[in-house]
Structures are given as C-alpha cells and as structure tokens.
2 protein chains.
Amino acid sequence: MVYSYKDILAELRREGYKITPQRRAIIQIMEATESHMTPLEIYSRTNSSSGISLVTIYRTLDTLEKAGLICQFNTQSGHTSYLLRRPRSHHHHLVCSVCGLVVNIGECGLEEVEERVSKDTGFKIVSHTLDMSGVCPECQKNNRQTLGRDFC
Amino acid sequence: MVYSYKDILAELRREGYKITPQRRAIIQIMEATESHMTPLEIYSRTNSSSGISLVTIYRTLDTLEKAGLICQFNTQSGHTSYLLRRPRSHHHHLVCSVCGLVVNIGECGLEEVEERVSKDTGFKIVSHTLDMSGVCPECQKNNRQTLGRDFC
DNA sequence: GTGCTTGCAAATGCTTTGCACGGCC
DNA sequence: GGCCGTGCAAAGCATTTGCAAGCAC
C-alpha cells in the first residue's frame, strides 16, 4: 500500500512509467484532496498554473489506475471520479441529497453480509461498494427539502 | 407500490401522461427483464419490431422516472441503467468481474450500520446503494481470471 | 538516442434539444 | 381539436484516438 507522494512516484517508476511534471502535479493535487475528484475538477485546479492539457489528465488517471495507485468511483450523477489509494482506504461515501456534501464513512462492517451472500450465490466475493444518501445536519437545520428518492 | 403492467399504465395515466404504443412497448420490455437495463439495451430489444426511436426511449425513461415508476442505477462501467420498481424491490447487485453476470442480493441488513453512521455524522440517512463484486461459480469452475481490483 | 508522454485537433459515443408532424384523449 | 408525444437531425458534453513534437531516462 502506498503512503505518500514519494511512494507514489517510486511505485510509478517501479512499474516502468516515467515521472513527468504533469504527473507530479496531478498526483499532488489528488494528494491534497480528501475526496474523490473528476478529471475536470483536477483540470480546473491545475489549469492556470502549469497549463496541463485535459487529455493528459485523462491519460494520467488511466496510467495511475493501471499502476493500482488510484481507483475509479462512479458518482450518482453518472460522472467518473478518482480517488488516491491510501493506507486503510477502505471506506464509503455519504452524500447529502440536498447540498451535495460528501463525507466518508469509516468501517462498514459488511463482512458477515458478504459471507451470507457468498453462501447464497456461490460467488467468491472480492469487493463491494456502499454509498449512503441522506440529509446533512446543516440542511436539516435550514429545513431544506431533499431531492432524494429511494433507490432500487 | 406498483405491481404489474396494468398498474404501471394506470399510474402513468393518473399522473397525466398519455399511453402510447411506444411507452407500452418499453414498459413491457422492462417488465420482462429481471435486471436493470441501459437505454441502448432496451433499444436493441425493441428496434426490429416496432421501430421505436432511441430518443423516445431516453424520453420515456425520463418520464417513467418522474412518475416514480423506475429508478436509475449507475453501473461500474459508468453507464446508466434503469430498473422497474416492484414490490419489495429493495435489493442490491452482485456483479461477476470476469463475465459480467449480474444477480440480485436480497435483504442487506444494513439498518444497524445506517443507525451508527447517522449517529456519527448527524446525517438523516434516506437510502443507500450497495453493490458487490466477485467471481461467479461458472467462472470459478473454468478458472477464469478476475479483472477485478479492490475498491476504495 | 530511444521510446514513452504530451498537446492539439478531430473523432467517438452517449445523451439532450429544436422543431415540425402525428396520434392519444 | 388541442396538446402531448414522437422522430429526425443536429447540438452538447465527456472521453478517446491519431499524429507529430518534446522530454525523461
């Protein structure tokens, strides 16, 4: 598991990828952000300073994913986000359906659910995604209406 | 909660939408399918016979969602699928990372997890999504390699 | 120097929109 | 008959690809 910026570069090198200013910048931006980011969000943070192309961001994210350093996350709105892998990074998202605030949920305690499902279906369970949706304290206080609906 | 084709039409009417051959066809296709479907999948099942436009499928799905009769589901690959609402339709998906087979998981037993998260974050939890990924029995038998990786 | 990376431009694929015709109620 | 729904074509948007120039090693 990768711990820091330096480790990430080392891992990239180890996998045979070259270290370029663009890749450095993208990794640093992702490291400075707790939450997952879309390619466009990364682009908007990099744009003014270093003039990195959006195409490069797509390709770099692809590279980082191949190297196992980030992982993909499809948001409710259908866009693709990416998140840097960190130690103990197994976590899940809780999204406010009113204002869009995203916070992380820690341990999910789904091990016994996985075991039951595995027994029922014969699948070997490798991983899972869990996302919750609700109304954050701020929006509750302001009595804002939720846009949310039940999931299937 | 809606139970059958006839109920769906009645509900559509009740909401002020008109019943057209295209809408009938799309609803019937979705009713005949257990799993969620993308607009294109629906289109491919309807194309030859009735000559329904893909645009109409997008608009009909939008209408059905507004009427609360279907709900959206963003797949791992980033595409949008839709699923008809059925009684006891709270369920989750288990996807084989090798062959793409999708099966449903029944009850998830996440109530106590939701409660804990709610206490920790102050959110009022409205709903959640849970999807698992693994290797199905068939692919295990054939010793096929998983493409899967851990999630974040 | 070699080969991977980048940036530009253009292509692609899914989804949405404008507009006129047609069909449901 | 009024108005919503449909189909066509075209636009919109995120993402991917081809290709020549540039840079890391």
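Throughout, protein chains are lettered first and strands after them, A, B, ... in sequence-line order, and every chain is numbered starting at 1. Values below: all heavy atoms of this structure, side chains included; hydrogens, waters and symmetry mates excluded. All values reported here derive from a predicted model rather than from experimental measurement.
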Short side-chain N/O contact to [N] OP1/OP2 from [X], under 4.0 Å:
X     : N      : answer
B:T80 : C:dT15 : yes
A:R23 : C:dT6  : yes
B:Q22 : C:dC24 : no
B:T60 : D:dG5  : no

Given atom [atom1] of [X] and atom [atom2] of [N], what is their separation to the nearest angstrom?
X     : N      : atom1 : atom2 : value
B:L40 : C:dG13 : CG    : P     : 11 Å
A:L64 : C:dT5  : CG    : P     : 11 Å
B:E41 : C:dT15 : CD    : P     : 11 Å
A:I26 : C:dT5  : CD1   : P     : 12 Å
A:Y43 : D:dT15 : OH    : C1'   : 14 Å
B:E65 : C:dT16 : CD    : P     : 10 Å
B:I42 : C:dT15 : CD1   : P     : 11 Å
B:L12 : D:dG5  : CG    : P     : 9 Å

task = Taking salt bridge (charged side-chain N to carboxylate O under 4.0 Å, His left out) as the test, write out the residues that go with A:K124, two or more places apart.
result = none
pair A:R23-A:L9: side-chain heavy atoms closer than 4.5 Å = no
query = Taking side chain as C-beta onward, heavy atoms only, is B:M37 less than 4.5 Å from B:Y82?
reply = no
Are the side chain of [X] and the backbone N or O of [Y] linked by a donor-acceptor pair below 3.5 Å?
X     : Y     : value
A:E31 : A:Y5  : yes
B:T46 : B:I42 : no
B:T63 : B:R59 : yes
B:T56 : B:I52 : no

query = Would you find more than 12 non-hydrogen atoms of other residues, nucleotides or ligands less than 6.0 Å from B:E15 atom CD?
reply = yes
task = Assess whether atom CD of A:E115 is packed by more than 12 heavy atoms of other residues, nucleotides or ligands within 6.0 Å.
result = no
task = Scan nucleotides 16-25 of chain D nucleotide by nucleotide, 5' to 3', and note B when protein non-hydrogen atoms come under 4.0 Å of the base, S if they reach only the sugar-phosphate, - if neither.
result = BBB-----BS
task = Find the bend of the helix from C:dG1-D:dC25 to C:dC25-D:dG1 as the angle between its two terminal axes (five pairs each), to the nearest 10°.
result = 40°
query = If you find the nucleotide of DNA chain C closest to B:P39 and the one closest to A:S53, which residue's nucleotide is nearer the 5' end?
reply = A:S53
